[in-house]
Amino acid sequence: MVDYSKWKDIEISDDEDDTHPNIDTPSLFRWRHQARLERMAEKQKEMEEMKKQKRKYDDEVKTLKEKLSQAKESVGVEDMSKLKSALAELERKGEELVNKQKELEKKERLEPWNVDTISSDGFSKTVINRPPPRKNEELSEEEKEQRMKEFVKKHEANIKKYGMYRSFDDSRRYLMEHPELACEDTANYLVVWCINLEMEEKHDLMNHVAHQTICMQFILELAKQLERDPRSCVSAFFHRIQQAEPEYKKAFTDELEAFKERIRKRAEQKLEEMMKEAEEEERQKRLGPGGLDPVEVMETLPEELKECFITQDVEMLQKTIEKMDPEDAKYHMKRCVDSGLWVPNAADAENANKDKASE
């Protein structure tokens with residue numbers, strides 16, 4: 001015959017209680033649930049503290065026994081007696097710790113089950129099984145970059161396919177079929193993709209991929225809060241967002257809009273950076289033999305000299321230099337030579353090049 005007695009101590013869900021019509025029932029349920037979570041957290045804290053004391057006790061006993069073993073031949077009777085007394089005192093404390101542990105375990109056994117304890121135990125024993133989380137803090141930046149390159153090379157097509165889904169149901173089904181996509185590398189790839197789409201002025205597609213990006217980031221955040229592998233939080237997130245209260249959906253929408261704004265700003269910054277890099281690259285190509293930019297030098301020349309170079313009138317250039325202050329003329333002409341605007345003895349240099357070519 002089946003024994004149903006173990007189910008008699010289940011704590012009934014808050015939403016099955018009867019309350020007075022004048023009482024704000026949802027607020028009361030939330031308060032009760034929060035109070036229960038706080039009690040559970042306090043019990044967990046007590047258990048952890050007890051385990052900590054137990055480990056400390058074991059270390060102290062081990063150390064003291066080693067001292068006794070080493071001191072048998074090197075200390076007197078009085079010192080040996082003190083060590084044995086200290087060991088006896090530690091063993092007495094150990095008995096107290098054992099009794100305290102038994103008391104806590106008994107309280108835990110007698111504690112009525114509730115929706116939090118039932119779902120927690122059941123979820124941790126599903127077929128998925130939570131693998132040990134990646135310890136990203138132990139990876140260097142180079143290792144992270146290499147890991148992402150390998151991941152993207154292997155899964156890029158699937159990541160892009162996920163990014164193109166529109167409904168929550170389709171996204172959930174696809175991630176359940178490809179759980180390996182529920183990770184930070186996917187989120188990082190989606191962010192970069194959004195920036196590139198915005199830079200290409202594909203605004204509508206960027207908005208769509210941004211939505212999928214925030215879904216992935218919410219999955220990662222939920223996994224972080226629950227201290228679980230993100231792959232085990234895929235279904236939980238989509239169920240939560242589809243059944244969520246207005247406040248949760250508003251938080252999702254607000255984060256999505258803020259993310260899209262950050263993408264727009266970052267895309268603008270990258271475009272400016274690319275333009276500056278292109279200008280600098282062009283400038284480097286223009287540099288003369290002395291390392292000066294001919295465009296910049298041209299802009300700083302006196303109007304008379306500038307006119308000579310614009311018209312490419314050598315005779316006018318010679319007359320203009322003769323009229324100028326010798327120091328100013330020397331300064332400006334040196335800059336012209338260093339920038340390549342003026343090549344001294346150009347005719348001689350050209351004849352020399354022709355001679356070399358004929359040889």
Side-chain angles (χ1 to χ4, degrees), residues 140-142 144-146 148-149 152-153 156 159-160 163 188-210 213 258-359:
S140 65
E141 291 300 321
E142 293 77 9
K144 290 180 182 179
E145 184 177 354
Q146 182 61 30
M148 183 172 177
K149 285 181 179 178
V152 170
K153 182 178 179 181
E156 184 173 17
I159 296 174
K160 285 193 170 183
N188 293 336
Y189 180 90
L190 292 171
V191 171
V192 175
W193 189 14
C194 285
I195 295 173
N196 291 336
L197 289 172
E198 183 64 20
M199 291 172 64
E200 295 168 7
E201 298 187 354
K202 298 178 180 178
H203 307 301
D204 292 339
L205 185 55
M206 185 281 289
N207 291 335
H208 177 71
V209 177
T213 306
F259 174 74
K260 289 191 287 188
E261 183 61 27
R262 293 195 296 271
I263 290 296
R264 296 186 189 101
K265 290 182 178 179
R266 181 56 184 150
E268 290 178 4
Q269 292 174 355
K270 288 203 62 147
L271 285 172
E272 291 178 0
E273 291 171 1
M274 290 174 64
M275 290 179 64
K276 289 180 179 178
E277 289 177 2
E279 291 174 357
E280 180 60 25
E281 185 178 347
E282 186 65 26
R283 178 180 175 276
Q284 291 295 327
K285 292 179 181 178
R286 293 196 307 260
L287 295 182
L292 297 184
D293 183 356
V295 175
E296 295 177 359
V297 172
M298 189 72 167
E299 292 175 352
T300 61
L301 291 177
E303 289 299 325
E304 297 84 357
L305 274 180
K306 188 183 297 185
E307 184 65 24
C308 296
F309 284 102
I310 292 174
T311 60
Q312 298 184 0
D313 191 330
V314 177
E315 185 177 350
M316 183 190 296
L317 176 62
Q318 293 173 346
K319 291 180 180 179
T320 303
I321 292 175
E322 290 174 358
K323 295 177 183 178
M324 293 176 63
D325 180 80
E327 290 297 325
D328 290 344
K330 181 180 179 181
Y331 169 76
H332 287 296
M333 289 308 297
K334 184 180 185 307
R335 285 170 55 80
C336 289
V337 171
D338 290 342
S339 65
L341 278 174
W342 175 255
V343 180
N345 301 323
D348 295 341
E350 184 177 354
N351 292 333
N353 290 333
K354 289 181 179 179
D355 294 338
K356 289 181 181 179
S358 62
E359 292 175 359

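- Applying the 6.0 Å contact sphere to CD of Glu261 captures more than 12 heavy atoms from other residues, nucleotides or ligands.
- In this structure, the separation between NZ on Lys270 and CD1 on Ile195 is 6.0 Å, given to the nearest 0.5 Å.
- Salt-bridge annotation for Lys149 and Glu145: present, with a side-chain N of the basic residue lying under 4.0 Å from a carboxylate O of the acidic one.
- At a threshold of 4.5 Å between non-hydrogen side-chain atoms, the residues Glu272 and Met275 do not count as touching.
- Rounding to the nearest 0.5 Å places OH of Tyr189 at 8.5 Å from CE of Met148.
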side-chain contact (heavy atoms from CB on, under 4.5 Å), that's the test. Do Lys276 and Glu273 meet it? Break it down for me. CA-CA 5 Å; Lys276 289 180 179 178; Glu273 291 171 1; 5.7 Å; no
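- In this view, Glu303 and Lys306 satisfy the salt bridge (charged side-chain N to carboxylate O under 4.0 Å, His left out) rule, not counting sequence neighbours.
- Looking at Met324 and His332, their side chains come closer than 4.5 Å, going by heavy atoms from C-beta outward.
- Put simply, CE on Met316 and CD1 on Ile310 are 10.5 Å apart, with the number rounded to the nearest 0.5 Å.
- Here the OG1-CG distance, from Thr213 to Asn188, works out to 10.5 Å after rounding to the nearest 0.5 Å.
- The distance from atom NZ of Lys330 to atom CD1 of Ile321, rounded to the nearest 0.5 Å, is 13.5 Å.
- Minimum heavy-atom separation, Met298 to Phe309: CE-CB, 3.7 Å.
- The shortest distance between side-chain heavy atoms of Arg266 and Val191 does not fall below 4.5 Å.
- Residues Cys194 and Ile263 come closest through the heavy atom pair O-CG2, 3.7 Å.
- Considering CG of Leu301 and SG of Cys308, their distance stands at 9.5 Å, rounded to 0.5 Å.
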Tell me which donor-acceptor pairs under 3.5 Å the side chains of residues 198-209 have, and how far apart each pair is, sequence neighbours excluded?
residue	atom	partner	partner atom	Å
Glu198	OE1	His203	ND1	3.1
Glu198	OE2	His203	ND1	3.1
Glu200	OE1	Lys202	NZ	3.3
Asn207	ND2	His203	O	3.3
His208	ND1	Arg166	NH1	3.3
His208	NE2	Gly163	O	3.3
His208	NE2	Met164	O	3.1
His208	NE2	Tyr165	O	2.8

